[in-house]
Structures are given as structure tokens and as C-alpha cells.
Amino acid sequence: MPITVSELKNKGEGEEILLNGWLQEIRNLKKISFLVLRDHTGTIQITAKPDLTENYDSISQITRETVLSVHGNLTRKTQSKSGIEILAKSVKVLNEAKSPLPLGIIDPVGADIETRLTNRFLDLRKPEVALIFRTESELLWGMREFFHDSGFVEVHTPKIVAAATEGGADLFQVQYFEKQAFLNQSPQLYKEILISAGLNRVFEVGPAFRAEKHNTPRHLNEFTSIDIEMGFADHNDAMHMLQEGVKSGIRHLVSHAPVSTAPPSAKIQIPEGNFPRITYRECIKKLESKGEKVKFGEDFTPEQLKLIGSEFTSFYFITEWPSSLRAFYTQPKPGDEVVSNSFDLQYREYEITSGAQRVHDPLLLEERLKSKGLNPEDFSFYLNAFRYGMPPHAGWGLGLERLVLIILNLQNIREATLFPRDRTRITP
RNA sequence: GCCCCGGUAGUGUAGUGGCCUAUCAUACGGGCCUGUCGAGCCCGUGACUCGGGUCCAAAUCCCGGCCGGGGCGCCA
């Protein structure tokens, strides 16, 4: 039975070992060869000698990244730096790799992000790259567990839809037989319908599509959105769930550190206590004191968000955004309706999450649609759910790749996406 | 949608009109070497994104295409 590299530590001196993996590097001397074999758990040195290894002469011809099956004996009586190696009895080629490689796995030269993405299958063989996605998996697992334990139902809503979720343009059009359809930019409307349906608490992890022609290190045209919606709840309840959900995800990630010699997760701080909150108006005052000019009703520029973010060491909320800046379904703040019961979760200049208490009164909702220049008739499938008993509710949507980006301190969101869809890329 | 920048061996780079028969590293091929582990040493192969233009002369300047990176706007 083949074992993994990480399982070698449990094996004794001289034990027979069968290992499968990729040939990461090979050093040939005249009468001895050293092969470094890599699998998904790590690397190990294989030593081949003429009097020990079958077909010794053919070994020097094996190309890097060829898939091998190695049979031999473990030894710790070695000068190898790792203190452990396999003395090979046979080295079998399962599938040869072409040479030269379009992208080096361990070469001491860099590669452009473009080269890396075009050859993503090779790029992902680098343990530090694979680690990004192992990290994402653990983070998401922790969040899922938290929402499940908090009574949320995981749901899956349609991605091919008839109406623009938030009324804006910038949707991808889809020819749906005889009809015109779109790729959904957010599960927002469907989450709310499910609140009317009485599921009470729902969450969804799924793709969201934006046909915006941005070209930045923090935008994708297809990203993974974690969304929740809660019945009989307001924006404060939603913020609490967000804060605890993020903390649970990071806690799970740190305690289930993906296998690696030096996981960056070891350095990740689990946020403590409540995330600080600052209102939109307080942000304006803060910016004015730093010499910035901001008009009420304008969004902050990336430069301004950097200034605000520099005041916080970790996650923080910006609350009470102007109603004019938020989507039509956002509940205005009672008694101060120019602002809303809304919030963004921020980390430095990055917006991670956008959320709010939602409008639940169908008359107000129609009015808000109209005031945003939208036609309520286009939203009748949605408005109907509000006319027969819709609870007050709140929720949010979180960009998973952005959360991974800030947790691992990556420079480009494409790094946190296996196969990114950006302004120009639709392959691989 | 507006704006800026870039494209040189498999990979990453140097090179701003003649000194380019194009630099260096890495990778790749060959040679020496029973213990390498960023192996070392020697030899070798390998590139100016495409099309047009200017000029005695273009990797280098101009125009266009294609491809890419980034800023703004918008957003997760």
C-alpha cells in the first residue's frame, strides 16, 4: 500500500516503503542519484545507487515533474539534511512530464501572474500556492459550521435570473432559449423571498457575477459570495453574526492549520471581542481633520479608506451609510432617514462585506424602487413575497476571496482564486 | 466608461538609434564527480509580440492590431 510523505515519520528503520508523487528535482552524480519526490503532504529524498536500484542508468533521464512510484526502504542513517531518506529498489515512471516546464516549481526565478495563471496546474504544485486554497477551505468550513450551529439553513438560489438584483446595469446577459436572462450579481432577492417563506435563517455560498470592466488587484468578474439573511432581526443582529462568523472561521483555520512546514496560518491573529464601529458621518469628520474634503452622500475613495483604515488594527464596521448610496432594499434609519441601518465590514482599505437591515414594508419597498429609477413591475416576483407576511429581516454578503486576501496578506485577488475571471481572462 | 504603463530565449531580466554577432540568472542538453541537498566546475542550445512607417542604420523612434499589468469610477 502506498503511503504519503507525511506518514513516513511513523515508519521504522529499514521498513519497506511505497510512495507516489512528482519528481521535484534530481541531482545526478556518476554513481549515485538523489531524487526529491513531492506529494500533497511534503517532500522526501530518494537515493538511487547502481548496486541497489533497478535500471539505475535510466534514472538520470527522468524529467522534472514526472509522476513516479518509488519502492524502497526507509533509513535514518543518512547524511541527508532532513535526517530521513528512501533507498530506492525501483523507480517506476507512471507518467512522464514534458521538458522544459512552462513554469518552474522550485526555480529561483519568479514568474508573472499571467504565466502562473495560464499554467495554473503547475503553479498550484507549489506548496505555498496550494496553501492559499487549503486555507480558504478551512476558513469556509469554520464559517459553515458556525452558521449551521446558529440555526441557519444552507440554500442554493438560481444564478440565471430575469431581473437585475439591485437594478444596476453591469450584468452578464444570457440567452435563455427565447428569453433574455442574466447571471445573478447577488442572491439578495432570493434570500429575502426565503425569509418570507419562513426558513428564518438562511446562508448560501455561491458564485456572483459582475460585468464591470474594472481591472484592479481587488476585483473579479466572478467571485464567491457568502450570504446570510435572518428573519426577525435587524442590522445589529446581522453585524453580530458576521463578527462571530468571521471569528469562528479564522479560529477553525488556525486550529486546523493546513499541512505544511511553515504555515502562514501560524501567524494569523484570531480577532478578539467586538469589532469597532464607526459611522459614516464620523468617518467624514475624521477625514476632514486630516485635510480631506468629503461631501455627505459621496462614497469614500480608496485613498480615504486607507486613511480611515489606518486607525484600526483589524476588522471594523462603517455604519449608517447615506440611504442614497445603498441599494433600494436598505432600511432607512428611523428618525434619521437620510442614513440607513446599513454597514460595511472593513479591513484596512478593503471592503469585505456589505449588509443592512432590509425594508420589509412592501409600500416603502415600491417607493424605494421608484426613487432609484427602477420599475416595480420588473420586481413583481420579489414584491409578492412582501405582500403576504414578510418578517423584519437583515443580512449581508461577504466576498470570500477578499477575506482570504486580507487574512494571508496577498497582493492580488487573483492569487486567492483558482481560476480567476477578470476583465480579459476566461481560460483556463 | 475614462486614464497610465508594459510585451526581449522555457522562465525571469539587462539593454533609450550604430559599441547588439543582444546581458545576466535560472531552466534545458552534454561532460567531470559515491553523499548531493540553492550541489559545484567546464562546454553547448535557446529570444527582440505582430503589421506598417521614419532613417544610411530600429530591440530602441512613430502609427495601428493583439496580449498583459495598474489607477479612477463601481463594487464583495
Side-chain angles (χ1 to χ4, degrees), chain A residues 24-36 43-52 56 60-61 63-65 75 77-85 87 97-119 122-123 165-166 168-171 185-188 206-227 242 298-305 325-327 344-347 350-355 396-406 411-414 416-417 422-425:
Chain A
Q24 179 163 287
E25 53 181 314
I26 181 165
R27 285 183 286 274
N28 294 122
L29 284 75
K30 184 85 173 179
K31 286 181 179 150
I32 187 166
S33 287
F34 302 99
L35 292 75
V36 177
T43 58
I44 182 72
Q45 174 163 287
I46 314 289
T47 300
K49 296 182 184 181
D51 57 345
L52 188 79
Y56 177 79
S60 65
Q61 303 304 314
T63 54
R64 282 188 172 192
E65 295 306 312
T75 182
K77 293 169 185 160
T78 167
Q79 296 161 39
S80 162
K81 282 182 177 172
S82 63
I84 182 170
E85 68 179 15
L87 297 171
K98 271 177 71 181
S99 177
L101 298 164
L103 179 70
I105 309 299
I106 54 159
D107 296 359
V109 290
D112 288 343
I113 186 84
E114 187 199 352
T115 308
R116 294 178 45 207
L117 292 176
T118 300
N119 300 287
L122 283 173
D123 189 47
T165 303
E166 322 210 346
D170 296 340
L171 293 183
Q185 65 177 189
S186 145
Q188 181 62 30
F209 305 90
R210 306 279 164 92
E212 287 152 6
K213 293 182 177 176
H214 34 46
N215 196 351
T216 82
R218 58 185 181 282
H219 288 94
L220 295 164
N221 292 291
E222 175 178 354
F223 66 96
T224 304
S225 185
I226 305 178
D227 275 85
L242 176 54
E298 282 180 352
D299 208 345
F300 302 122
T301 65
E303 202 52 42
Q304 290 168 339
L305 283 173
L325 279 179
R326 305 300 275 209
D344 282 359
L345 181 67
Q346 300 277 142
Y347 190 99
Y350 290 105
E351 179 185 342
I352 311 295
T353 310
S354 196
W396 44 257
L398 178 152
L400 177 60
E401 293 87 353
R402 279 199 183 168
L403 187 57
V404 172
L405 175 98
I406 62 111
Q411 299 307 307
N412 191 320
I413 198 156
R414 295 170 180 89
T417 314
D422 60 27
R423 177 69 184 83
T424 54
R425 183 176 287 276

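Chain letters run A, B, ... following the sequence lines, proteins first, then strands; residues in each count from 1.
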Determine whether a donor-acceptor pair (N or O, by modelled atom type, separation under 3.5 Å) exists between the side chain of A:D422 and the backbone of A:L220.
no

Quick one: look up who B:G1 pairs with, Watson-Crick or G-U, both distances under 3.5 Å, and put none if it's unpaired.
B:C72

Given B:C72, is OP1 or OP2 found less than 4.0 Å from the side-chain N or O atoms of A:R218?
yes

For A:Q185 and B:A76, give me the distance from atom CD to atom P, rounded to whole Å.
8 Å

P spacing across the pair B:C28 / B:C3, given as an integer number of angstrom:
45 Å

Verify the contact: side-chain N or O of A:R116 to OP1 or OP2 of B:G69, cut-off strictly under 4.0 Å; return yes or no.
no

In whole Å, what separates the P atom of B:A58 from that of B:C48?
16 Å

Report the distance from atom CD of A:E351 to atom CG of A:D299, rounding to the nearest 0.5 Å.
7.5 Å

I need the CG-C1' distance between A:N28 and B:G30, as an integer number of Å.
13 Å

Are any of A:T216's side-chain N or O atoms less than 4.0 Å away from OP1 or OP2 of B:G70?
no

Report the residue (A:G399 or A:G110) whose heavy-atom-nearest nucleotide on RNA chain B is the more 5′ of the two.
A:G110

Whole angstroms only, please: what is the NE2-P distance between A:H219 and B:G71?
10 Å

Pick the C1' atom in B:G29 and in B:A9, then give their distance to the nearest Å.
15 Å

Is there a donor and acceptor pair, one atom on the side chain of A:E85 and one on the base of B:G35, closer than 3.5 Å?
yes

Categorize A:E401 for me: base, sugar-phosphate, or nothing, with a 4.0 angstrom heavy-atom threshold over every strand shown.
nothing

Without swapping roles, check the side chain of A:T63 against the backbone of A:A97 for a donor-acceptor pair under 3.5 Å.
yes

Tell me whether the side-chain N or O atoms of A:K30 pair up with the base of B:G31 as donor and acceptor below 3.5 Å, since no angle test is needed here.
no

Determine the Euclidean distance between corresponding P atoms of B:U16 and B:U21; express it in Å to zero decimal places.
15 Å

Would you say A:K213 reaches B:G1's phosphate, i.e. side-chain N/O to OP1/OP2 under 4.0 Å?
yes

Name the nucleic acid region contacted by A:T224, choosing base, sugar-phosphate or nothing; use a 4.0 angstrom heavy-atom cut-off, strictly under.
nothing

Starting from P on B:G10, measure out to CD on A:E65 and report it in whole angstrom.
19 Å

Considering every strand shown, what is the Watson-Crick or G-U wobble mate of B:G40 when both distances are under 3.5 Å?
B:C32

Using a heavy-atom cut-off of under 4.0 Å over every strand shown, decide if A:R425 touches base, sugar-phosphate, or nothing.
nothing

Distance between P atoms of B:U23 and B:U49 (Å, rounded):
16 Å

Would you tell me if any nitrogen or oxygen in the side chain of A:R414 comes within less than 4.0 Å of OP1 or OP2 on B:G69?
yes

Could you identify the nucleotide paired to B:U60, looking across every strand shown and requiring Watson-Crick or G-U wobble geometry with both distances under 3.5 Å?
none

Pairwise C1' distance, B:A47 and B:G12 [rounded to whole Å]
13 Å

Looking at B:C72, does its base get a donor-acceptor pair with the side chain of A:H214 below 3.5 Å?
no

Among B:C75, B:G10, B:G35, find the nucleotide with the atom closest to the side chain of A:D299.
B:C75

Reckon A:R27 has a side-chain N or O less than 4.0 Å from the OP1 or OP2 of B:C37?
no

With a 3.5 Å limit on both atom pairs, tell me what B:C66 is paired to, counting Watson-Crick and G-U wobble, or say none.
B:G7

Donor-acceptor check, side chain of A:D123 to backbone of A:N119, threshold 3.5 angstrom: yes or no?
no

Taking the C1' atom of each, how far is B:U8 from B:A76, in whole Å?
39 Å

Would you say A:S225's side chain and A:D227's backbone share a donor-acceptor pair under 3.5 angstrom?
no

Base, sugar-phosphate or nothing for A:N221? Non-hydrogen atoms, less than 4.0 Å.
nothing

Students often get this wrong, so: under 4.0 angstrom with heavy atoms, is A:L220 touching a base, only sugar-phosphate, or nothing?
base

How close or far is atom P of B:G12 from atom CG of A:D123, stated in whole angstroms?
11 Å

Donor-acceptor pair, A:R218 side chain versus A:I413 backbone, under 3.5 Å?
no

Phosphate contact (B:G12 OP1 or OP2) by A:T115 side-chain N/O below 4.0 Å
yes

Whole-Å distance between B:U11 P and A:E25 CD?
21 Å

Is A:L29 touching bases, backbone alone, or none of the nucleic acid, heavy atoms closer than 4.0 Å?
base

Let me spell it out: for each of A:G104 and A:T424, pick the nucleotide of RNA chain B with the closest heavy atom. Which residue's pick is nearer the 5' end?
A:G104

For A:F34 and B:G35, say yes or no: do the ring centres fall under 5.5 Å of each other while the ring planes differ by less than 30°?
no

Do the side-chain N or O atoms of A:K31 get closer than 4.0 angstrom to the phosphate oxygens (OP1, OP2) of B:U36?
no

I'd like to know if the side chain of A:R326 reaches the main chain of A:G355, judged simply by a donor and an acceptor atom lying under 3.5 Å from each other, with no hydrogens or angles considered.
yes

Closer than 4.0 Å, any side-chain N/O of A:N215 to the OP1 or OP2 of B:G73?
no

Is there a donor-acceptor contact under 3.5 Å from the side chain of A:Y56 to the main chain of A:I32?
yes

Given the structure, check if the side chain of A:S99 and the base of B:G29 hold any donor-acceptor pair shorter than 3.5 Å.
no

Euclidean distance for P, B:G6 against B:G44 (whole angstrom):
36 Å

For A:N119 and B:G10, what is the distance between atoms CG and P respectively, to the nearest whole Å?
13 Å

For atom CD1 of A:I406 and atom P of B:A76, their distance in whole Å
16 Å

For A:P302, answer base if it contacts any base atom (sugar-phosphate contacts may also be present), sugar-phosphate if it contacts only those atoms, and nothing otherwise; contact means non-hydrogen atoms under 4.0 Å.
sugar-phosphate

Hey, are the side chains of A:L29 and A:F34 touching, using non-hydrogen atoms and a 4.5 Å cut-off?
yes

Per the atom types in the model, does the base of B:U36 pair as donor or acceptor with the side chain of A:Q79 at under 3.5 Å?
no

Closest nucleotide among B:G30, B:A27, B:G38 to the A:P100 side chain
B:A27

